[in-house]
4 protein chains.
Amino acid sequence: MQVLKEEVRQRIIKSARREFKKHGFEKASMRSIASSANMTVGNLYRYYKNKEDLYGAIIGSLFDEINSLKSNMPEEPESRLNYLLDGFKELQKDHRSEWLTLFGGSTGTKFQKVADDLHGVLRDTLMDVLKKNDRRPEIAVPVASAIIYGLNTILKSEKDKSGDLADDFLNYMMVDIANRVA
Amino acid sequence: MQVLKEEVRQRIIKSARREFKKHGFEKASMRSIASSANMTVGNLYRYYKNKEDLYGAIIGSLFDEINSLKSNMPEEPESRLNYLLDGFKELQKDHRSEWLTLFGGSTGTKFQKVADDLHGVLRDTLMDVLKKNDRRPEIAVPVASAIIYGLNTILKSEKDKSGDLADDFLNYMMVDIANRVA
Amino acid sequence: MQVLKEEVRQRIIKSARREFKKHGFEKASMRSIASSANMTVGNLYRYYKNKEDLYGAIIGSLFDEINSLKSNMPEEPESRLNYLLDGFKELQKDHRSEWLTLFGGSTGTKFQKVADDLHGVLRDTLMDVLKKNDRRPEIAVPVASAIIYGLNTILKSEKDKSGDLADDFLNYMMVDIANRVA
Amino acid sequence: MQVLKEEVRQRIIKSARREFKKHGFEKASMRSIASSANMTVGNLYRYYKNKEDLYGAIIGSLFDEINSLKSNMPEEPESRLNYLLDGFKELQKDHRSEWLTLFGGSTGTKFQKVADDLHGVLRDTLMDVLKKNDRRPEIAVPVASAIIYGLNTILKSEKDKSGDLADDFLNYMMVDIANRVA
DNA sequence: CATGAATGAGTCTTCATTCAT
DNA sequence: TATGAATGAAGACTCATTCAT
């Protein structure tokens, strides 16, 4: 059965998204992606030249926007923090599936450092904010993680279509931050 | 020869711990566990019938304590929350390596649900607390994640030997909780 | 549309020649032949039913001339030898590319035996010449190889456009042959 | 069926030798080596860590001796030529199969340059000799090829156990060299 | 008790060839 | 007549698991 290239491409992307989200890059299997897209492996490789290329096709748009987010950061710590948190919410809304894929399992990929980087940027910004308020900066480490994983958990649950929960959660994490740290 | 056997078992456990923590369940290799325990694969399989069984032997003690923790929970939400958070700190201190193994890479294992369970218990308790204070309970979902991953991040960094940072972080997360939620 | 077909066929031949010379039969790729002939694989297969068939189309003319060379050989050993050596030079000049393709990479092809055959004819002729002069005939075996590979090496280097080096080399190989053998 | 490691290793080597000699490195198949050694691929990889490693196990000893041959060359052209030709004969006698494997198909291997090098050394030496006798040095190129392929042909034929034919052939190639070149 | 050789199914990837359109 | 999507078998290599010794 002969089908349109674009339709097939969509089938691949769809099944790859599932597989990568479920197993991460390394344990995802091209075979199983192909077969759940009703296709032979050989044909899969007509569309994407290798596993990383296919992964990139899924993660790509998010990747670009993360980079542009990082390149436009304000200097001042507090506005940088707001800028980042708003940016995260935006990215998560527009690239739900990609975000989860990236943060779920990009180990073994050139994209891994993007995820790590984002983490690092948030952490450093938090540190700067804390320092400015004469508070222990070390707590920035777990707090950055907490924020990212908290947001991811919301994302996973699929229920927060409005984005209200994410707003509330971020508010919860940030409100009166200076007074909650030793 | 019971003595000898026990010594061998310890060697296996020790090297398996390292391997599982480093690579997670799926990417850990029985061959490399055996060889770094100065032992052949065949012999490894005399002690543990397969990879998951070995994984269980490592996660096991933590698993038991998690279960006992769960079976002694106080009824009242607020004391249950404190009970849990204290319990977590205790478990992380006593089973650092196992904890990281469990939460870092139990995908593909029957133990994954243990991690998920713990998550669920914390979430439900948070929900109960929030309900009692007439606050939106949904936020419990990301907050539970945030707590667990924040603690894990501290654990990973190896720097918090005293446990102070964990205390500060939990304080940060819990202080005035009722007033930070819509 | 016979004209068009012929033009296409030429494009195929041209790009196949390059590919086969470069990689030999086994490592040559139909895909790459098609694409460097600005054409799809499917269409390639309309002109040549498989890889070996295409290979034959290239080797073909040389193949025919080799056969005609072989069928017109003089009886008398010494003139046969001259006839062959002259023929080789002629063939190499007129079918440089095909010759290198045939002797460079026909392994896995039914044409390999053509190359072997030519070798055999030269060897047998040399043997007859040696016998006639009461010399050890066995040396014909390495000498036939030496001649053919020596000529191929000249051909490969692309520098001998005049053919002088080939002449000198053959002279070197043949001069006073009877006195150089035990 | 459980067998001694050494016996198995021999079976592998034997079947790899055949395969590599027949198809060269690139087209030789690990699968077919394994199966003609009555073995699974997995087991083959217990003995040799990859295809090149296995190839090296076959070619290795010859490789070493070639290197030692090259490092002890006399300065003076004519004695260097004799040294090389004697060396070749020696190596061919002691490493018949390896020699044919190396010169038959080492493309794609780190060993290829060894073969090419040897060729180059012989060619350069011939050139020096010719220059010293005021003869056209270009002919060294085909003559070096002729010598090597001639010797290989003798080797392939398996008939020259005494080495007499190789001696006669080299004599044939070298005798009165200065007077046979323009 | 312990060894480590062997298996078999899995991994990603390539390629000649076919066939619906 | 031509397209290029699809197939299937093969390539090198890995690894959990079993079993003869």
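All chains are named by letter (A, B, ...) in the order of the sequence lines, taking the proteins before the strands, and each is independently numbered beginning at 1. Note that these values count all heavy atoms, side chains included, but never hydrogens, waters or copies made by symmetry.
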In dot-bracket form, 5' to 3', how is DNA chain F paired? Count Watson-Crick and G-U wobble pairs only if both distances fall under 3.5 Å, and write | where the partner sits on another strand. .||||||||||||||||||||

Check the pair A:Arg9, A:Ile12 against side-chain contact (heavy atoms from CB on, under 4.5 Å), reporting the backbone distance first and the verdict last. CA-CA 5 Å; A:Arg9 212 170 203 109; A:Ile12 295 176; 5.6 Å; no

Listing time: all N or O pairs from protein to nucleotides 12-15 of chain F that are below 3.5 Å?
| unit_1 | atom_1 | unit_2 | atom_2 | d |
| --- | --- | --- | --- | --- |
| F:dA12 | OP1 | D:Ala28 | O | 2.9 |
| F:dA12 | OP1 | D:Met30 | N | 3.2 |
| F:dA12 | OP1 | D:Lys51 | NZ | 3.2 |
| F:dA12 | OP2 | D:Met30 | N | 3.0 |
| F:dC13 | OP2 | D:Tyr45 | OH | 2.7 |
| F:dC13 | OP2 | D:Lys51 | N | 2.9 |
| F:dC13 | O5' | D:Tyr45 | OH | 3.3 |

Using residues 51-64 of chain D as the side-chain source, report each donor-acceptor pair under 3.5 Å to any protein atom, sequence neighbours left out, with the distance given to one decimal.
| unit_1 | atom_1 | unit_2 | atom_2 | d |
| --- | --- | --- | --- | --- |
| D:Lys51 | NZ | D:Phe25 | O | 3.0 |
| D:Lys51 | NZ | D:Glu26 | O | 3.1 |
| D:Lys51 | NZ | D:Ala28 | O | 2.8 |
| D:Glu52 | OE2 | D:Lys110 | N | 2.8 |
| D:Asp53 | OD2 | D:Lys49 | N | 3.0 |
| D:Tyr55 | OH | D:Thr101 | O | 3.4 |
| D:Tyr55 | OH | D:Gly105 | O | 3.4 |
| D:Ser61 | OG | D:His95 | ND1 | 3.4 |

When rounded to whole Å, the CE to C1' distance for the pair B:Met39 and E:dA2 reads 10 Å

Taking only the P atom of each, what is the distance from F:dT21 to E:dC1 in whole angstrom? 22 Å

Residue-phosphate contact under 4.0 Å: C:Thr40 side-chain N/O, F:dG4 OP1/OP2: no

Tell me, please, which residues at least two apart from B:Tyr48 pass ring pair (Phe, Tyr, Trp, His ring centres under 6.0 Å). none

Going by number, which of residues 13-24 of chain C have a non-hydrogen atom under 4.0 Å from DNA chain F? none

Rounded to whole Å, OH of C:Tyr48 lies from C1' of F:dT1 at a distance of 16 Å

Kindly list each side-chain donor-acceptor pair under 3.5 angstrom involving residues 35-44 of chain D, sequence neighbours excluded, with atom names and distances?
| unit_1 | atom_1 | unit_2 | atom_2 | d |
| --- | --- | --- | --- | --- |
| D:Ser36 | OG | D:Ser15 | OG | 3.1 |
| D:Ser36 | OG | D:Ser32 | O | 3.4 |

Quick one: side chain to side chain donor-acceptor pair (under 3.5 Å) partners of C:Gln10, sequence neighbours excluded? C:Glu6

Taking only residues two or more places apart in sequence or in another chain, which ones pass ring pair (Phe, Tyr, Trp, His ring centres under 6.0 Å) with D:Phe103? D:Trp99

D:Lys5 atom NZ is separated from E:dG4 atom P, nearest whole Å, by 9 Å

What is the distance, to the nearest angstrom, from the CZ atom on B:Arg9 to the P atom on E:dA2? 11 Å

In terms of heavy-atom contacts, B:Ser29 and B:Glu19 come closest through N-OE2, 3.1 Å

Whether D:Tyr47 contacts E:dA6 is assessed here as follows: a side-chain N or O lying under 4.0 Å from the phosphate OP1 or OP2. Is that the case? yes

Partner set under side chain to side chain donor-acceptor pair (under 3.5 Å) for C:Arg18, not counting sequence neighbours: none

Chi angles and distances behind the side-chain contact (heavy atoms from CB on, under 4.5 Å) call for B:Asn50, B:Met30: CA-CA 9 Å; B:Asn50 56 34; B:Met30 293 298 265; 5.8 Å; no

Gap between atoms CD1 and C1', on B:Ile12 and E:dA2 respectively (whole Å): 12 Å

Looking at residues at least two apart in the chain, or sitting in another chain, which of them share a side chain to side chain contact (heavy atoms under 4.5 Å, CB included) with C:His119? C:Ala144, C:Ser145, C:Ile148

Which residues share a salt bridge (Lys or Arg N to Asp or Glu O under 4.0 Å) with D:Asp117, sequence neighbours left out: D:Lys70

Nucleotide nearest C:Val8 when distance is taken to its side chain, options E:dA5, E:dA2, F:dA2: F:dA2

Rounding to a whole Å, what distance do you find between D:Glu6:CD and E:dG4:P? 15 Å

Would you mind telling me which of F:dA2, E:dC1, E:dA5 lies closest to the side-chain atoms of B:Arg46? E:dC1

Could I get the full list of salt bridge (Lys or Arg N to Asp or Glu O under 4.0 Å) partners for C:Arg96, not counting sequence neighbours? C:Glu158

Report the distance from atom CG of C:Leu44 to atom P of F:dT1, rounded to the nearest whole Å. 15 Å

